[in-house]
Protein chains: 2
Amino acid sequence: MSSNRRRLAPRPETAARREEILKASLEIFGSKGFNKGPLAEIAEQVGMTHAGVLHHFGSKDKLLVEVLRYRDSADLQDLEGQHIPDGADLFRHLVRTAFDNEQRPGIVQAYAVLSAESVTDKHPGHEYFVERYATLRVQLADAFHIMCEEHGVTDQTTVDHAAASILAVMDGLQVQWLLQPDSIELAETSAFAIETLVTAVLDPRPSALAIHDVTEQS
Amino acid sequence: MSSNRRRLAPRPETAARREEILKASLEIFGSKGFNKGPLAEIAEQVGMTHAGVLHHFGSKDKLLVEVLRYRDSADLQDLEGQHIPDGADLFRHLVRTAFDNEQRPGIVQAYAVLSAESVTDKHPGHEYFVERYATLRVQLADAFHIMCEEHGVTDQTTVDHAAASILAVMDGLQVQWLLQPDSIELAETSAFAIETLVTAVLDPRPSALAIHDVTEQS
DNA sequence: AGTAACTTACAATACAGTTAGTAAGTAACT
DNA sequence: AGTTACTTACTAACTGTATTGTAAGTTACT
């Protein structure tokens, strides 16, 4: 009894209009953050009023969620056609992404700003980012496991630490790069860090740093 | 003719009141972000109206800058008394900080949120974070140089990459930890990454990952 | 004919900052 | 010590603006 409402086919250009809105939203949210990025500005960029945007997405919160999922699907299409990267391929893919990212600061900024913002109270992007990181960490861990078998290494803890660390460096470097593009070589530094961490998992060796009693609260 | 205005000494309790405001601000800005954190809420927490807060700090923007500088000075006092950490000591200090941070999610969140927010257009914290990262990177690079001499290594590029990477992992891990505290071991993972990166600088070795043509745009 | 895709107009709220006023302090002079 | 002159540290009230969401109407597609 909830679906007896007659549903008419959407007009052919509607999908394209929605996509325009999603792109504009990513740009605005990226440059001003979600909270400070007004719907009116998004609407203006696609040539309508803010009420028009709400007609398509219902609310600002829902719009954000769709924006994030939209970028995901766009990124997935990049990988489509190629075989799913496994083992070393995934890490090479990450490095390539870092190189690509240098050419699209807007998108990088959107993710940097929104992911951090999403840790705040009741942020509409919270759930999305929790899932995203969890998924990515598992993907990296899986890639590690494939490579570990070949190298005869099996250390779950190290793999987990390295997976989280790789995602973390990439994100952290993006923030530094956005703040001072001329002082940070985003791609080269990412590549260095990823190579270092991957190598550390596959070929463990003693630390050059004595940490020992540091872990005890002084 | 503009500075002949008579300047009176502030009342004795004023300094303490200001500090209360700074603490409350860090908490509010940390939990809701700068944009969404209203002055009224800060004021309420210290028992005054938002106009009272503005009386002390002039504007919300100026308040944020003072909040950030205030935390810096508080952190500096922790290091005071001890000798300035050089070489390996600095890295051990970073690891210790990661352990401490697990006990103060509020402050961690404030820095994570505000640093990312500060990359947005005309954010009042922008300058502060640019300076902060620049300073920290130099500090790390200096520590590396001291250690490199002992090990007979001299690779400026690697040092720079590692310095930026270490700060980046710490920040990135914090975001993941704030999103999912139960899935991330903040301190242990930080320690792993720092040790790995330091060791990579002092004892370089070939990468287990063939990157080669990845750097060429496909 | 009915609905999708809007617009205009409006309601409701949230906020930063300003102004005017007050109580209580500080500092100088007597 | 007391008075005068001025300032600090506020509050209450208001202004202005920004901003999301909604309701009602219009046009054009299906």
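Each chain gets a letter, A, B and so on, in the order the sequences are listed, and its residues count up from 1. Please read all numbers here as calculations on a predicted model, not as lab measurements.
What separates CD of Glu41(B) from P of dT13(C) is a distance of 18 Å, to the nearest Å. Between the CZ atom of Arg18(B) and the C1' atom of dA9(D) there is a distance of 13 Å, rounded to whole Å. The nearest whole Å value for the distance from the CG atom in Leu39(A) to the C1' atom in dT8(C) is 17 Å. Rounded to an integer number of Å, the gap from CG of Leu64(B) to P of dA16(C) is 12 Å. To the nearest angstrom, P of dA16(C) lies 15 Å from NZ of Lys62(B). Here the C1' atom of nucleotide dT27(D) and the CE atom of Met48(A) are 15 Å apart, to the nearest Å. Distance CG (Asn35(B)) to P (dT17(D)): 20 Å, rounded to an integer number of Å. Per the geometry, CG belonging to Leu63(B) stands 12 Å off C1' belonging to dA16(C), to the nearest Å.
Across dG17(C), dT7(C), dG21(D), the shortest atom-to-atom separation from the side chain of Lys60(A) is found for dG21(D). When distances are taken from the side chain of Ala51(B) to each of dC6(C), dG17(C), dT11(D), the shortest belongs to dT11(D). Of the candidate nucleotides dG21(D), dC6(C), dG17(C), dG17(C) has the atom lying nearest to any side-chain atom of Leu54(B).
A salt bridge links Arg92(A) with Asp89(A); the closest basic N to acidic carboxylate O contact falls under 4.0 Å.
Using a 4.0 Å heavy-atom cutoff across all strands shown, Gly58(B) reaches no nucleic acid atom at all.
Look at Arg17(B) and you'll find a side-chain N or O under 4.0 angstrom from OP1 or OP2 of dC10(D). Distances shown here put every side-chain N or O of His50(B) at or beyond 4.0 Å from the OP1 or OP2 atom of dT11(D). Between His55(A) and dA4(C), a side-chain N or O to OP1/OP2 separation shorter than 4.0 Å is absent.
In terms of heavy atoms, Leu197(B) sits closest to Ala193(A) at CD2-CA, 4.5 Å.
Map Pro10(B) and Pro38(B) each onto its nearest nucleotide of DNA chain C; the residue landing nearer the 5' end is Pro38(B).
For dT30(C), the paired base is dA1(D) (Watson-Crick or G-U wobble, both distances below 3.5 Å). Shown here, dT30(D) forms a base pair with dA1(C); the pair counts as Watson-Crick or G-U wobble because both key distances fall under 3.5 Å.
Using a distance-only test at 3.5 Å, with no hydrogens or angles considered, a donor-acceptor pair links the side chain of His126(A) to the main chain of Ser118(A).
Both tests hold for Lys60(A) against Phe34(A): distance to the six-membered ring centre under 6.0 Å, angle to the ring axis within 45°.
Enclosure of atom CD in Glu127(A) is not indicated, since only 12 or fewer non-hydrogen atoms of other residues, nucleotides or ligands lie within 6.0 angstrom.
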